[in-house]
Every structure is written in C-alpha cells, then in structure tokens.
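Okay, so here's the structure we're looking at.
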Amino acid sequence: MSNPESYVRHLGGETGHRGFFGGTASKTRVFLLAVFIGGGMAGMVMGLGLPALLVAVAGVGITMLTTARTHRGTVLERRRKRARARARRRLGTDDFVPYEVGAWDQLQEAINQGTKAEKRAAERTALKMRANPDGSDGMGWLQYASNMPGIAWHAPIGEQPYLSVAFSVSGQLRGMETAAALTRAANAWGKFLARRAAPSSLIRDVQTLTRVLPPDSARQQQWVKTRLEPVQDDWTAAQRESFEAQKLSYDEVIRKSSADAMVQRHYVVVSWPLDQQFTDAATKFGRGRDAWRALMADQILATERGLNDAKMGDVRALTAKQTTALMLHQQNPHLPIDLTRTVDPLQAGLRSHDEFSAHVVQDVDPTSLIMGEDGPVSPPVTWWHRTAAIHGQNLAVAARSPLWCLDLLIGRELTFVRSVSFHLHLVPAGQAKAKARADVVRDLAGVMADQQKGRLVSDDSTTRMSAAQRRSADLAAGSHHHGVDWIGFITISAPTRDDLAQASRQLEEACATGLGIERLDWQDSFQSAASGTTWPIGRGLRPASPTLTSRSINRLAGRTEKEALS
C-alpha cells in the first residue's frame with residue numbers, strides 16, 4: 001500500500017515577491033507613503049514648517065487606513081471598483097453587442113448625417129458594438145480551418161501577444177483508483193510542467209479548465225428511441241397501453257438518473273508568447289505566417305505527447321469551431337457544448353450587459369421551441385455569471401493532496417453550473433530559486449529583528465517565511481523542479497439574479513469549509529472581462545516582472561545563430 005503522505009504537499013500562504021525593504025505591501029501603499037514622506041521632508045527643508053509636517057502625517061495615516069487589508073479588501077480597492085463601474089456606465093461600455101457589418105454601416109451613417117440627438121444615440125450604440133466581448137479582447141486566429149487545431153492569436157491591450165491552443169482531455173483519474181495511481185498521476189503532471197518551464201521551452205503559460213454542467217441525456221434518449229419496437233397496427237388496446245407505460249418508464253429512469261447530477265469536461269490550454277525566442281525558432285521553418293503555423297504544428301504534436309505521458313487520458317486538440325463553441329456554451333449553457341455546425345470562429349460573443357456583480361447574457365434556447373405568431377421559435381433565455389479569483393495569500397496553509405479541489409468539482413451541495421480554472425505561469429528554476437532565496441533572507445531577517453528587539457513576531461511573518469523556505473527546498477539542486485506563479489478563477493452561472501446570489505453564498509461556504517479558501521476575491525465592476533479568465537483562451541494571469549539578473553542573462557544569451565540547425 002502506498003504511503004498517503006508521499007503525495008501530500010503544503011499549499012497556501014504564498015504572497016508576491018518581497019520588496020526591497022521586506023514585506024509584501026501593495027505598490028500603491030509604498031508609492032503613497034513615499035510621496036507623503038518625501039513631500040513632508042521637502043516641505044520642512046523649504047521652510048513650510050508645521051503645516052507641511054501635519055499634511056505628511058495625515059497623508060500617511062489616511063494611506064495606512066485606506067490600504068489596510070480586510071476580509072472584503074481594502075477601502076481603496078472598493079472605491080476603485082465603484083469608480084470603474086460608474087465610468088463604464090457613463091461611457092456605455094458596460095453593454096456588448098456583437099459586431100455586424102450592416103448595423104455598423106447604419107450607425108456610421110447616422111453619426112455622419114443624422115441630427116444631434118441621432119448622432120448622440122448612434123455614438124453610444126457604436127460604443128456597445130465590438131468584434132470581441134471584453135473577456136476575449138484582442139483575440140483573432142492564426143489558424144481556424146476545419147479539422148485542424150485552432151490556433152488563437154491574442155493581442156490584448158497592454159500585454160504581450162501570444163498564441164494559445166486548447167486541448168480536450170478525459171482526465172487522469174476515472175472511477176476507483178488507488179493511492180499509488182494518484183501519486184503517479186500527480187508526478188506525471190509535475191514532470192509535464194517542469195519539462196516546459198526550462199529556458200529553452202517556447203511555452204510559458206498553462207491553463208487547466210474544468211466545466212461542471214448537468215448531464216446531456218440526448219444520447220440516452222436516442223438509444224431508447226432506436227431500440228423501442230415500432231407501433232403495430234394489429235396491436236390490441238392492452239398492448240398499446242403497455243407500450244406507452246414502457247416509454248414512460250424509460251423517461252422516468254433517464255430523468256431520475258440525471259436529476260441533481262453534474263458531469264465534468266476537462267481542458268488544458270497552452271500558451272506560447274510571441275517573443276524573440278519564438279520568432280527565432282520560426283525562422284527555421286521558413287518565412288512569414290506559414291513558418292509560424294509549421295512551428296505550431298510541431299509544438300502541438302509535442303504537447304499532445306506530453307499530455308499523454310502525463311496520463312491525461314484521451315487528448316485531442318480542439319479546432320477553432322470547437323473552442324468557440326465552448327466559449328459560447330459558457331456564456332449560454334443552453335447551447336450544447338459540442339454544437340459546432342452553426343458556429344463562426346470569428347463571432348465568439350453573445351449580447352450581454354454588466355451589472356456591478358454580474359455578467360448578464362441574453363440569448364435563446366435552441367434546444368426547445370415555442371409556438372409564436374410566425375410559427376415555432378426558440379424561447380429567449382437569460383444567464384447571470386459571476387467570477388471570483390483564488391489568490392495564494394487567501395489560501396490557508398495546510399497539507400493538501402492532489403484531490404483538494406474535489407469538493408469544488410463534484411461537491412453534492414454545489415448544484416449550479418460553473419467553470420473552474422487555474423492559470424500557471426512557468427518560471428525557470430534559476431529565476432525561481434533566486435527569488436525564493438531572497439524572500440527567505442528578507443523574511444528571516446525581519447523575524448530575527450523582531451526577536452532581538454523583544455517584539456512579538458506576527459503570524460504573517462512566520463507564514464511568509466515558512467512558505468518561502470518550502471519553495472527554496474523544492475528548488476534545491478538536483479530536484480529538477482521549476483517555479484510557478486499561479487492563480488485560480490471560478491465562474492458560476494444561474495438563470496436569475498436570486499439564484500446567482502444563492503450560488504455565491506453556497507460557493508463561499510464550500511470554499512471556506514472544504515477547501516480552506518479564506519476569501520474569494522469577486523471580480524466586481526468588470527465581470528464581463530473576468531468571465532474570460534475561465535474561457536479556454538489563457539486569460540487571467542499577468543506574470544511577475546523578471547528580475548534584473550534574469551533580464552541580464554537573457555540579454556547575454558542573445559539570439560540563435562542563423563547557421564544553427566535549431
């Protein structure tokens with residue numbers, strides 16, 4: 001029997017890289033403190049005297065109060081959220097209307113030739129009409145042909161462009177598995193990530209996505225329909241009555257087996273940043289975008305082999321239509337997740353609007369029909385979505401197995417539709433080791449200084465130090481481990497506002513009691529953009545800036561030689 005402790009790892013308590021003076025205070029607090037302290041000193045030197053000192057002291061006090069962390073965030077963060085929501089409503093960007101050529105031309109004509117009222121209305125409507133929803137801003141396709149892996153090309157504002165490919169996987173564990181199988185699966189996944197974190201790898205981000213939704217009984221109903229004996233003209237009344245009873249019995253079995261049940265669909269999204277290293281590698285395959293596609297074909301095959309070695313089961317790269325169909329299903333769960341026949345990869349958004357705590361999507365249910373004035377039509381539906389982030393510092397420090405998220409994925413008390421996504425930014429071992437060592441030294445120096453001065457050492461200091469020590473130990477020489485920056489996101493969906501509020505409370509309770517997540521960071525005031533963090537497009541994680549040492553090493557490494565074969 002395998003030792004359960006062999007796959008237990010400590011997770012939680014991780015915070016950002018320590019500043020020059022130690023601690024993990026926000027950049028906003030450090031900047032404001034520097035401004036007030038520096039301004040007060042300058043005012044004293046210039047002879048302003050006591051007024052300058054009082055202003056500086058008041059500014060420092062207000063800064064400390066407004067940037068103090070609470071279980072609902074800081075005062076400054078809450079005010080920033082409200083200001084952002086007001087600005088979006090004022091500009092009209094809280095609504096999204098999919099782009100249409102004819103409608104856009106009409107708006108432009110009204111803007112150029114209409115009256116003042118028509119111009120104002122057209123300009124406001126034009127702000128709502130966009131090619132992509134906020135969650136996939138700047139997204140296009142490098143390759144979206146049929147029966148070929150879909151290669152999404154992302155150029156979000158203010159971020160580095162990158163390519164992404166989504167892979168459908170059946171998962172590592174299916175049915176009853178032993179502890180040894182669980183250990184092997186966890187180690188295989190760790191090796192997959194470690195092999196792609198090396199400096200020579202073109203991959204830098206990996207996203208795991210699990211879609212939790214009610215089961216689709218269409219295949220079972222089709223199976224029953226094809227195997228039922230057809231009605232015969234010579235049947236007696238008793239035979240017809242027995243036949244109808246059998247049909248009702250089959251329907252009852254299907255209904256009871258799918259009631260309150262949830263199924264999971266698993267995906268892995270891999271991202272390749274479009275940096276100098278990628279373009280250098282592409283030159284070995286030719287010129288232009290064809291060289292990019294050839295390089296990506298090689299990278300996709302290698303990733304599929306790696307996922308197979310990681311025991312991810314049935315691995316399949318999604319086409320552009322399949323990826324878009326998944327995104328549309330996440331916006332409107334009434335849309336079948338595998339329906340690709342009517343999907344256009346260039347139209348990945350549904351009409352929606354934002355409220356402060358919700359992303360509201362209006363669409364239709366294509367799986368049912370109602371009789372209208374002009375015949376049968378699909379009924380309109382509305383879905384409310386809300387997204388929360390899971391940060392490392394909000395995770396209680398505890399020993400966790402690879403199944404620590406099981407309550408979130410298959411918990412019986414969570415009966416609402418949801419998407420759970422974790423984003424991993426792979427950090428080469430050298431860079432991660434340097435950061436971990438620096439964090440250990442600064443945290444240890446702070447603890448020792450408190451002990452020498454007779455001050456009570458805070459729990460936050462010891463927690464940060466123990467987390468940094470664990471990271472440093474994991475990155476010891478010969479371990480073949482690499483570093484990672486991570487963040488998790490959960491998007492919940494409900495048909496009404498009240499259902500969404502109830503689902504939010506259920507999620508918070510389940511995360512606090514079952515997963516040890518002390519606080520969910522709800523992405524309010526920009527929920528439409530936050531929905532994209534759980535779409536299969538690799539959005540949601542901005543990696544930490546590389547250190548001066550790592551940038552210098554990358555400069556020294558230079559570019560590959562033109563004459564080199566690889």
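How far OG of Ser493 is from NE2 of His385: 4.5 Å, rounded to the nearest 0.5 Å. Summarising the geometry, atom CG belonging to Leu209 is positioned 10.0 Å from atom OG belonging to Ser168; distances are rounded to the nearest 0.5 Å. Distance check, rounded to the nearest 0.5 Å: CE of Met139 to CZ of Arg539 gives 7.5 Å. Taking SG of Cys511 as the start and CG of Leu395 as the end, the distance is 10.0 Å to the nearest 0.5 Å. Here the straight-line distance linking atom CD1 of Ile517 with atom OG1 of Thr513 works out to 10.0 Å at 0.5 Å rounding. Distance CG/Leu127 to CG/Asp94: 10.5 Å, rounded to 0.5 Å.
Donor-acceptor pairing under 3.5 Å is recorded for the side chains of Thr387 and Thr491. Checked by atom type, the side-chain pair Ser271/Asp205 shows no donor-acceptor distance below 3.5 Å. Side chains of Ser421 and Thr534: no donor on one and acceptor on the other come within 3.5 Å. With 3.5 Å as the limit, one finds no donor-acceptor pair spanning the side chains of Thr496 and Asp498.
Between the side chain of Ser525 and the main chain of Ala85, no donor-acceptor pair closer than 3.5 Å is present. The main-chain N or O of Asp363 is never found under 3.5 Å from a side-chain atom of Arg351 such that the two would form a donor-acceptor pair. Between the side chain of Arg195 and the backbone N or O of Ser201, no donor-acceptor pair lies under 3.5 Å. With hydrogens and angles disregarded, no donor-acceptor distance shorter than 3.5 Å links the side chain of Gln331 to the backbone of Ser352. With Arg418 contributing its side chain and Phe416 its backbone, the two residues share a donor-acceptor pair below 3.5 Å. Although no hydrogens or angles enter the test, the distance criterion places no donor-acceptor pair under 3.5 Å between the side chain of Thr319 and the main chain of Asn147. Formation of a donor-acceptor pair under 3.5 Å by the Arg386 side chain with backbone atoms of Ile492 is not found in this model. No side-chain donor-acceptor contact under 3.5 Å links Gln347 to the backbone of Pro98. Between the side chain of Trp522 and the backbone N or O of Ser357, no donor-acceptor pair lies under 3.5 Å. Judged by distance alone, the side chain of Gln172 and the main-chain N or O of Ala310 form a donor-acceptor pair under 3.5 Å.
Using a 4.5 Å heavy-atom cutoff, the side chains of Val165 and Val270 are not in contact. Using a 4.5 Å heavy-atom cutoff, the side chains of Leu350 and Leu335 are in contact. Here the side chains of Gln330 and Ser531 are not in contact, with every heavy-atom distance at 4.5 Å or above. Between Arg184 and Asn187 the shortest side-chain heavy-atom distance does not fall below 4.5 Å. By the 4.5 Å heavy-atom criterion applied to side chains, Phe489 and Val420 are not counted as neighbours. For the pair Leu507 and Leu520, the minimum side-chain heavy-atom distance is below 4.5 Å. Pro149 has its side chain within reach of Gln143: a pair of non-hydrogen atoms, C-beta onward, lies under 4.5 Å apart. Leu274 is listed as a side-chain neighbour of Trp153, based on a closest heavy-atom distance under 4.5 Å.
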Run the side-chain contact (heavy atoms from CB on, under 4.5 Å) check on Asp499 and Trp384 step by step: do they pass?
CA-CA 9 Å; Asp499 290 339; Trp384 296 65; over 6 Å; no
I'd like to know whether His425 forms a side-chain contact (heavy atoms from CB on, under 4.5 Å) with Val484, so could you lay out the CA-CA distance, the side-chain angles of the two residues, the decisive distance to 0.1 Å, and finally the verdict.
CA-CA 5 Å; His425 176 69; Val484 65; 5.6 Å; no
Between Leu202 and Leu295, does a side-chain contact (heavy atoms from CB on, under 4.5 Å) hold up when you go through it step by step?
CA-CA 10 Å; Leu202 300 179; Leu295 172 60; 4.0 Å; yes
Evaluate the criterion side chain to side chain donor-acceptor pair (under 3.5 Å) for residue pair Arg211 and His266; output intermediate values, then yes/no.
CA-CA 6 Å; Arg211 179 67 172 169; His266 305 286; over 6 Å; no
Could you please spell out the steps behind the ring-ring contact (aromatic ring centres under 6.0 Å, His included) verdict for His334 and Trp383?
CA-CA 9 Å; His334 280 102; Trp383 280 93; 5.5 Å; yes
Verdict with reasoning, Leu414 to Leu408, per side-chain contact (heavy atoms from CB on, under 4.5 Å):
CA-CA 8 Å; Leu414 302 180; Leu408 186 60; 4.2 Å; yes
For Asp134 and Ser528, run side chain to side chain donor-acceptor pair (under 3.5 Å): C-alpha distance rounded to whole Å, both residues' side-chain angles, the deciding distance at 0.1 Å, then the answer.
CA-CA 6 Å; Asp134 294 345; Ser528 58; 3.0 Å; yes
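No more than 12 heavy atoms of other residues, nucleotides or ligands shown are found within 6.0 angstrom of CZ on Arg497. Heavy-atom contacts from other residues, nucleotides or ligands closer than 6.0 Å to CZ of Arg289 number more than 12. More than 12 heavy atoms of other shown residues, nucleotides or ligands fall within 6.0 angstrom of atom CD in Gln108. For CD of Gln160, the number of neighbouring non-hydrogen atoms (other residues, nucleotides, ligands) closer than 6.0 Å is greater than 12.
A salt bridge is defined here as a Lys NZ or Arg NE, NH1 or NH2 lying under 4.0 Å from an Asp or Glu carboxylate O, and Asp95 with Lys128 meets this definition. Asp309 has no carboxylate O lying under 4.0 Å from a charged side-chain N of Lys311, or vice versa, which leaves the two without a salt bridge. Between Glu304 and Arg316 there is no salt bridge, since no side-chain N of the basic residue sits under 4.0 Å from a carboxylate O of the acidic one. Between Lys321 and Asp338 no salt bridge is recorded (no basic side-chain N to carboxylate O distance below 4.0 Å). Taking 4.0 Å as the cut-off between side-chain N and carboxylate O, Asp354 and Arg88 count as a salt-bridged pair.
His154 and Ala152 get closest at one heavy-atom pair: NE2-CB, 3.4 Å. Taking all atoms of both residues into account, the shortest heavy-atom contact from Thr323 to Ala166 is OG1-CB, 4.1 Å. Taking both residues in full, the closest heavy atoms of Val364 and Asn332 are given as O-ND2, 3.0 Å, listed atom of the first, atom of the second, then distance. Of all heavy-atom pairs between Ala317 and Ile300, the closest is CB-CG2, 4.2 Å. Residues Gly349 and Leu328 share a closest heavy-atom pair of N-CD2, 4.1 Å. The two residues Ile537 and Tyr162 make their nearest non-hydrogen contact at O-OH, 2.9 Å.
The aromatic rings of Phe422 and Trp486 sit tilted, their planes meeting at an angle between 30° and 60°. Aromatic ring pairs are classed by plane angle as parallel below 30°, tilted from 30° to 60° and perpendicular above 60°; the pair Tyr99 and Trp104 is tilted.
Figure legend: Arg265 and Tyr267 shown without cation-pi pairing, the cationic atom not lying both under 6.0 angstrom from the six-membered ring centre and within 45 degrees of its axis.
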